[in-house]
A.B. asks: 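My questions will all concern the structure given below.
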Amino acid sequence: MVMKILWCYLAILLTVSFGIVQGSNNVTYDGRSLIIDGNHRILFSGSIHYPRSTPEFDFSGRRDLVRFIKEIQKKGLYVTLRIGPFIESEWTYGGLPLWLSHIPGIVFRTDNEPFKINTCNGKRCGRTFKGPNSPNKPSLWTEDWTSFYQAFGEEPPHRSVEDIAFHVALFVAKNGSYVNYYMYHGGTNFDRTASAFVTTAYYDESPLDEYGLVSQPLWGHLKKLHAAIKSCSKTLLHETQTTFSLGKKQEVRTKNNTRVRKSRLNFSSSEKWKMYEEAIPNYDNTSLKANTLLNQISTTNDTSDYLWYTLSLLASSSVQSVLSVLSRGHVLHAFVNGVLVGSAHGSKKNPDFDLESNITFISGINKISLLSATVGMPNSGAYLERKVAGLHGVKINGTNLTNQSWGYQVGLLGEKLQIYTDIRSKKVQWNSLGSTTKPLTWYQATFDAPKGHNPVALNLGSMGKGEAWINGQSIGRYWVSFHTPSGIPSQQWYHIPRSLLKRSGNLLVLFEEETGNPLGITLDTVHIRSTIKRHG
Ligand SMILES: *[C@@H]1O[C@H](CO)[C@@H](O)[C@H](O)[C@H]1NC(C)=O
Ligand SMILES: *[C@@H]1O[C@H](CO)[C@@H](O)[C@H](O)[C@H]1NC(C)=O
Ligand SMILES: *[C@@H]1O[C@H](CO)[C@@H](O)[C@H](O)[C@H]1NC(C)=O
Ligand SMILES: *[C@@H]1O[C@H](CO)[C@@H](O)[C@H](O)[C@H]1NC(C)=O
Ligand SMILES: *[C@@H]1O[C@H](CO)[C@@H](O)[C@H](O)[C@H]1NC(C)=O
Ligand SMILES: *[C@@H]1O[C@H](CO)[C@@H](O)[C@H](O)[C@H]1NC(C)=O
Ligand SMILES: *[C@@H]1O[C@H](CO)[C@@H](O)[C@H](O)[C@H]1NC(C)=O
Ligand SMILES: *[C@@H]1O[C@H](CO)[C@@H](O)[C@H](O)[C@H]1NC(C)=O
Ligand SMILES: *[C@@H]1O[C@H](CO)[C@@H](O)[C@H](O)[C@H]1NC(C)=O
Ligand SMILES: *[C@@H]1O[C@H](CO)[C@@H](O)[C@H](O)[C@H]1NC(C)=O
């Protein structure tokens with residue numbers, strides 16, 4: 001847990017050669033800059049979250065901080081550590097272990113004056129930063145947002161390279177002596193580590209993208225900017241400044257690249273697939289009971305995205321009724337007598353939502369099973385310990401059922417049995433693919449790794465919402481059916497690090513909440529195509 005919640009900043013460029021990093025360095029500071037072994041320095045660094053990359057990819061040990069730091073030292077770079085436990089970073093619950101919220105009287109994240117280290121985070125610190133809160137502290141830009149994280153249902157973020165470079169130069173011109181790019185290297189939110197509504201691909205628009213591929217012109221432009229600043233860093237650090245105006249715009253040529261994906265394998269033959277239907281629990285077979293609607297976060301403790309709320313109701317005859325459900329987030333699938341009667345969800349900006357559905361009761365006992373799902377815990381804001389999710393109101397024909405006896409099941413049966421692993425998948429009976437798809441279905445298929453070294457991604461464009469595993473390792477949540485305002489999926493391709501793949505016989509398991517079509521899935525490789533563009 002401690003390993004998981006320490007983040008590192010890699011100091012790149014303008015720093016040091018191997019020799020200097022070896023042995024102990026004396027790091028101090030004054031009002032101008034950080035001082036390393038007696039020398040003032042202008043430093044640039046770039047954020048990488050080591051658990052968001054795989055060990056074999058760039059660093060050793062996805063959660064092995066010691067190995068990670070040794071790897072950085074080997075490359076002759078410095079590290080700036082930002083120590084947890086709270087990291088925000090779009091990590092579920094900001095990296096705090098959820099059990100902390102159960103400690104009586106605990107308060108997270110309040111406004112506390114003596115605790116505050118003032119630096120600048122944002123996109124325009126050259127303009128917005130009022131300076132350090134003491135003349136003896138240097139001007140540091142700890143998070144220069146190269147783009148932004150993406151949430152399901154929202155448009156992809158974009159920040160132009162010109163804007164980034166301009167604001168870095170301005171910050172340095174105004175006595176700034178440290179800029180950290182957040183993020184410099186994107187990553188993958190494996191498992192269920194993403195915070196509320198955040199996509200699996202993380203800061204994919206960074207100078208090094210989710211796959212570690214160079215993104216041009218961003219990467220090259222910043223490299224040149226750093227070299228230019230380095231060449232005059234002595235002057236910047238030790239001389240006084242004057243201001244003069246420049247002439248007209250110059251012509252520039254930029255080398256751009258775009259990512260292309262090539263489909264290498266498809267899963268269009270139904271013989272490739274096997275399926276397993278998740279059991280829908282009812283009131284009688286749930287063990288946890290309460291005479292109220294429970295808060296999902298304190299009930300599941302984030303051990304699973306899923307919490308079933310179940311209820312039994314007696315009807316004297318077959319009647320039409322209106323089911324209305326109020327939720328504080330994030331997703332709901334409602335079943336009556338095992339049949340889906342409606343689904344609804346909230347969004348990053350507004351996780352609360354209602355579902356209203358016309359249902360037909362049968363004469364006798366009716367089984368109402370409501371599957372509430374979270375899509376990551378919140379990661380920011382004050383008082384995280386007070387956050388809630390799940391259902392807070394259920395009515396049938398206007399009758400408030402909140403005080404009824406509810407039965408609960410935390411998580412899915414398939415999760416409990418871990419049927420996404422090679423060995424445990426054999427514990428349940430898988431069937432061949434039917435002609436229609438049902439909600440809440442597990443799918444499995446095997447495939448061989450595509451030849452070559454290009455990064456690999458799963459194109460889940462034909463699916464709805466769920467989670468995907470490769471050889472037992474979760475590669476994160478997918479949510480293709482939640483479109484951006486311009487009508488396309490927020491994320492269609494899901495990174496499979498090559499280090500997770502064997503040459504042949506790789507096990508792909510998907511849990512699909514909706515009625516996505518697994519036959520439309522393809523396995524793609526990711527390539528870079530360069531172009532040159534002139535700007536007048
Ligand atoms: C580190 O450097 C500062 C000033 O730059 C000096 O005062 C201090 O004695 C040095 N510490 C060590 C352990 O060398
Ligand atoms: C930069 O530092 C110099 C020397 O301390 C000071 O005179 C100047 O006002 C500073 N510039 C800005 C923009 O803060
Ligand atoms: C190349 O990058 C520049 C700078 O980001 C951008 O203005 C331009 O539109 C890009 N050209 C292409 C063809 O993508
Ligand atoms: C899927 O792949 C097979 C063989 O690799 C090919 O024959 C078939 O045309 C492909 N189907 C689709 C829909 O691309
Ligand atoms: C609960 O009972 C239903 C049928 O009454 C069955 O389909 C389902 O598998 C059971 N669920 C569990 C988790 O045992
Ligand atoms: C969640 O944590 C609480 C308090 O520690 C505990 O009572 C409860 O059993 C836990 N629930 C689960 C599903 O782990
Ligand atoms: C719900 O209201 C409808 C229309 O008023 C009525 O026909 C139906 O019997 C009611 N259902 C129940 C369970 O009372
Ligand atoms: C439920 O049925 C009524 C009457 O047919 C209709 O007006 C209403 O739009 C329906 N509501 C939903 C949520 O489908
Ligand atoms: C339903 O009852 C609960 C418990 O008394 C109450 O908190 C809630 O506000 C009620 N809901 C509505 C919509 O009236
Ligand atoms: C639910 O129970 C609480 C007390 O436990 C009571 O105050 C409230 O009025 C009840 N609500 C309904 C809708 O029955």
Side-chain angles (χ1 to χ4, degrees), residues 1 92-93 96-106 108 191-192 261-273 281 285-311 313 322-326 368 371-374 376-377 384-418 433 443 445-452 456-463 492-493 504-506 508 516-525:
M1 185 52 72
T92 193
Y93 220 49
L96 294 168
L98 204 125
W99 56 260
L100 274 178
S101 67
H102 292 297
I103 294 172
I106 199 160
F108 299 165
D191 303 293
R192 300 169 47 253
R261 299 177 183 86
K262 293 181 186 162
S263 174
R264 301 289 293 274
L265 192 71
N266 67 56
F267 294 87
S268 64
S269 129
S270 57
E271 299 88 74
K272 282 199 174 169
W273 291 100
N285 57 20
T286 51
S287 53
L288 175 65
K289 306 275 201 259
N291 290 325
T292 188
L293 292 170
L294 297 176
N295 166 20
Q296 182 157 353
I297 294 181
S298 55
T299 308
T300 65
N301 300 335
D302 200 27
T303 53
S304 168
D305 282 2
Y306 303 101
L307 180 64
W308 282 102
Y309 293 73
T310 68
L311 179 72
L313 280 183
V322 178
L323 168 71
S324 21
V325 183
L326 307 182
I368 296 173
L371 180 61
S372 177
T374 48
M377 293 297 108
L384 277 175
E385 75 285 355
R386 298 180 199 170
K387 302 276 183 190
V388 291
L391 310 188
H392 68 104
V394 177
K395 284 185 179 176
I396 287 178
N397 264 18
T399 306
N400 189 335
L401 300 175
T402 303
N403 283 359
Q404 295 282 311
S405 177
W406 289 89
Y408 293 88
Q409 178 183 302
V410 174
L412 306 170
L413 193 60
E415 283 182 301
K416 198 170 140 199
L417 298 173
Q418 297 183 303
L433 223 56
Y443 296 98
T446 55
F447 65 94
D448 296 343
K451 293 207 169 58
V456 180
L458 203 55
N459 178 354
L460 294 178
S462 65
M463 301 300 284
Q492 183 169 338
W493 281 272
S504 62
N506 295 289
L508 164 66
N517 174 17
L519 302 180
I521 295 173
T522 63
L523 192 71
D524 300 355
T525 49

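In listed order, ligands and their atoms are each counted from 1.
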A.B. asks: Where do Y306 and L371 land on the side-chain contact (heavy atoms from CB on, under 4.5 Å) test, with the steps shown first?
C.D. replies: CA-CA 7 Å; Y306 303 101; L371 180 61; 3.8 Å; yes
A.B. asks: Taking side-chain contact (heavy atoms from CB on, under 4.5 Å) as the criterion, tell me which of L458, D524, N459 meets it with Q492.
C.D. replies: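 Single pass found, and it is N459.
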A.B. asks: Tell me the closest heavy-atom pair linking I297 and A389, and the distance in Å.
C.D. replies: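 For I297 versus A389, the nearest heavy atoms are CG1-CB, 3.9 Å.
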A.B. asks: Side chain or backbone, does N403 bring an N or O within less than 3.5 Å of an N or O on ligand 10?
C.D. replies: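 Yes; the residue has a nitrogen or oxygen that sits under 3.5 Å from a nitrogen or oxygen of the ligand.
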A.B. asks: Exactly which residues line ligand 4, taking a heavy atom under 4.0 Å from it as the test?
C.D. replies: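 Lining ligand 4 at under 4.0 Å, by heavy atoms, one finds N266, S268.
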A.B. asks: Quickly, which of T402, N403, L326 forms a side-chain contact (heavy atoms from CB on, under 4.5 Å) with L293? Name it, please.
C.D. replies: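 By the side-chain contact (heavy atoms from CB on, under 4.5 Å) criterion, L293 pairs with just one of T402, N403, L326: T402.
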A.B. asks: Got I521 and M463 here, is their nearest side-chain heavy-atom distance under 4.5 Å?
C.D. replies: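 Side chain of I521 against side chain of M463, heavy atoms only: contact under 4.5 Å found.
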A.B. asks: With sequence neighbours excluded, what pairs up with D448 under the side-chain contact (heavy atoms from CB on, under 4.5 Å) test?
C.D. replies: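 D448: side-chain contact (heavy atoms from CB on, under 4.5 Å) contacts with S504.
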A.B. asks: Within ligand 6, which atoms have a heavy atom of T299 less than 4.0 Å away?
C.D. replies: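 Under 4.0 Å from T299, ligand 6 has these atoms: 11 (N), 12 (C), 13 (C).
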A.B. asks: Working to the nearest 0.5 angstrom, can you tell me the gap between S462 OG and N266 CG?
C.D. replies: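 Here the rounded value is 11.0 Å.
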A.B. asks: Answer yes or no: does an N/O atom from H102 fall short of 3.5 Å to an N/O atom of ligand 6?
C.D. replies: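 Right, the criterion is met.
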A.B. asks: Tell me, do S372 and Y309 make a side-chain contact under 4.5 Å, heavy atoms counted?
C.D. replies: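 A side-chain contact under 4.5 Å exists here.
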A.B. asks: Do any nitrogen or oxygen atoms of T303 lie less than 3.5 angstrom from nitrogen or oxygen atoms of ligand 6?
C.D. replies: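 There is no such contact.
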